[in-house]
Structures are given as C-alpha cells and as structure tokens.
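First comes the structure, then the notes that go with it.
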Amino acid sequence: KAGVTQTPRYLIKTRGQQVTLSCSPISGHRSVSWYQQTPGQGLQFLFEYFSETQRNKGNFPGRFSGRQFSNSRSEMNVSTLELGDSALYLCASSFAPGEEYNEQFFGPGTRLTVL
Amino acid sequence: AQKITQTQPGMFVQEKEAVTLDCTYDTSDQSYGLFWYKQPSSGEMIFLIYQGSYDEQNATEGRYSLNFQKARKSANLVISASQLGDSAMYFCAMREFDYKLSFGAGTTVTVRA
C-alpha cells in the first residue's frame, strides 16, 4: 500500500511569489491535515480537510489556504511568500476524524525555501 | 500555555541500553489521545505508539512502551535496547476534542556505539 506522497519535495521561491504544495493521501483515507515545521516554532497545525471541507484551521494568516478534491488529494497554497514561510510542510492522512484513535500517517514533507 | 512539554532537548544513550523521553501535557478534556512520533533526518514523521486517555494499560509496541500517568499528566516514552537507527528527533503529541494534533518541541536522541 503506497504511503502519503507529497510533491514537490523541495522548492525554492522568492519573496512575494506564491506556491502550491500537493499531498496524496493513502488510498482509502479521507482526512488530510497539514503542518508547518520550523526550527523556531516547531510543528504547528495549519488545517485539516475531510470530504472536501475544511474542518479545522490553525492560527495562520489568510495567505495560507488549502483545498481537498473529491479523490481526497489536497493542495495547500501560500500567497505573497515571506522569508518566515521557509519551512518543512508536512501532510498527514487518516481514515476520518472523529475517532478516538485516529493515527495520522505523515508524508515525507515539502521543504520550502523563500529567498 | 504549552499543551505538550518535552523538557529534554537532547539525550545520549549507549547502544543496547534503555532511554526514557519525558512528556507532560495539559488539557481539560476527559477524552484525548497521546502519540509519539519519530522524525529521522530525512524529515518524515513515523508513528511509534498511541495511548488513549481511557486506556488503563500502558501501551507497548515492540521496543517502545509508553509510561502513562494520568494524574500527573505525563506520557513518557521508553525505548528499550537502543539501536543506532534509533538516533532521531522524537515528538510527543496530543489530540483533543477538536482532533488537531499539538506537538511538543521534540527531543533529539543520539545512540552511541
């Protein structure tokens, strides 16, 4: 069974540009969550999607957005990039939210560098 | 307030010995879940072990065991018989009612031969 895949793995952008990251969950998983990992702030929750609907959102500015498609694949977009957006962006998938035990399987991440 | 506290930024352990990674949490929820993940230098988060708030037995998964002390709000990870491949960053995380995962700052474990 294929794991969570994220593309691209590495990305270099300049300030002011926008970027779109993609995440394909494990087959059968319908919930996708996104996290940002930086040395200073650690791992922070961005948002979670289930059945094409955003169920939860972390404390990030509106420049961060996402969506989920009918096949459960998800994309996140960051507009007007800032230097501080440089981070490892991790995607995690699970069967569905709302269960007491709901293991999230993480992808390898996309490392974004903003110059 | 921090929901997950990991007080050990880094630890060294001799191969084949056991190591305990500390984790304390803060929640007012009655139902919650506690997770430990391993993150090698490659960046991928690898699930290790889960403990539900209502589970009476401590969780075990192979060489990993979770020492769950609910009254003290602690969920320490014990890695037995350490191997060189255990060298990585370890994160404690908690899921509360809103299903978001809150992570601690992590502990770097270095296993020495």
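Lettering follows sequence order; numbering is per chain, from 1.
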With the 4.5 Å side-chain cut-off for hydrophobic clustering, are A:L21 and A:F64 part of the same group? yes
Does any heavy atom of chain B fall under 4.5 Å from the side chain of A:Q44, the backbone, both, or neither of them? neither
hydrophobic_cluster_shared for A:F60 and A:L83, side chain cutoff 4.5 Å: yes
Please report the C-alpha distance between A:Y35 and B:F103 in whole Å, then the side-chain angles of each, then the deciding distance to 0.1 Å, and finally whether the ring-ring contact (aromatic ring centres under 6.0 Å, His included) criterion is met. CA-CA 10 Å; A:Y35 297 86; B:F103 286 87; 5.6 Å; yes
Heavy-atom distances under 4.5 Å only: say whether A:L88 touches chain B with side chain, backbone, both or neither. side chain
Where do B:R95 and A:Q104 land on the side chain to side chain contact (heavy atoms under 4.5 Å, CB included) test, with the steps shown first? CA-CA 11 Å; B:R95 170 177 291 114; A:Q104 291 192 331; 3.4 Å; yes
What verdict does the ring-ring contact (aromatic ring centres under 6.0 Å, His included) test give for B:F47 and A:F106, after you've listed the backbone C-alpha separation in whole Å, the side-chain angles of each residue and the deciding distance to 0.1 Å? CA-CA 8 Å; B:F47 167 77; A:F106 282 80; 9.9 Å; no
Do B:Y64 and B:V111 sit in the same hydrophobic cluster, where Ile, Leu, Val, Met, Phe, Trp and Tyr count as joined when their side-chain heavy atoms come under 4.5 Å apart? yes
Are B:V19 and B:L84 connected in a single hydrophobic cluster, I mean Ile/Leu/Val/Met/Phe/Trp/Tyr linked by side-chain heavy atoms less than 4.5 Å apart? yes
Considering only heavy atoms from C-beta outward, does the side chain of A:F47 approach that of B:K100 to under 4.5 Å? no
Name the region of A:F105, side chain, backbone, both or neither, that has any atom closer than 4.5 Å to a heavy atom of chain B. neither
Linking I/L/V/M/F/W/Y whenever their side-chain heavy atoms sit closer than 4.5 Å, directly or via other members, would B:V78 and B:L48 fall into one cluster? no
Quick one: do B:M45 and A:L43 satisfy side chain to side chain contact (heavy atoms under 4.5 Å, CB included)? Show the steps, please. CA-CA 11 Å; B:M45 298 287 280; A:L43 274 154; 3.7 Å; yes
Taking CZ in A:R73 as the centre, count heavy atoms belonging to other residues, nucleotides or ligands within less than 6.0 Å. Is the count above 12? yes
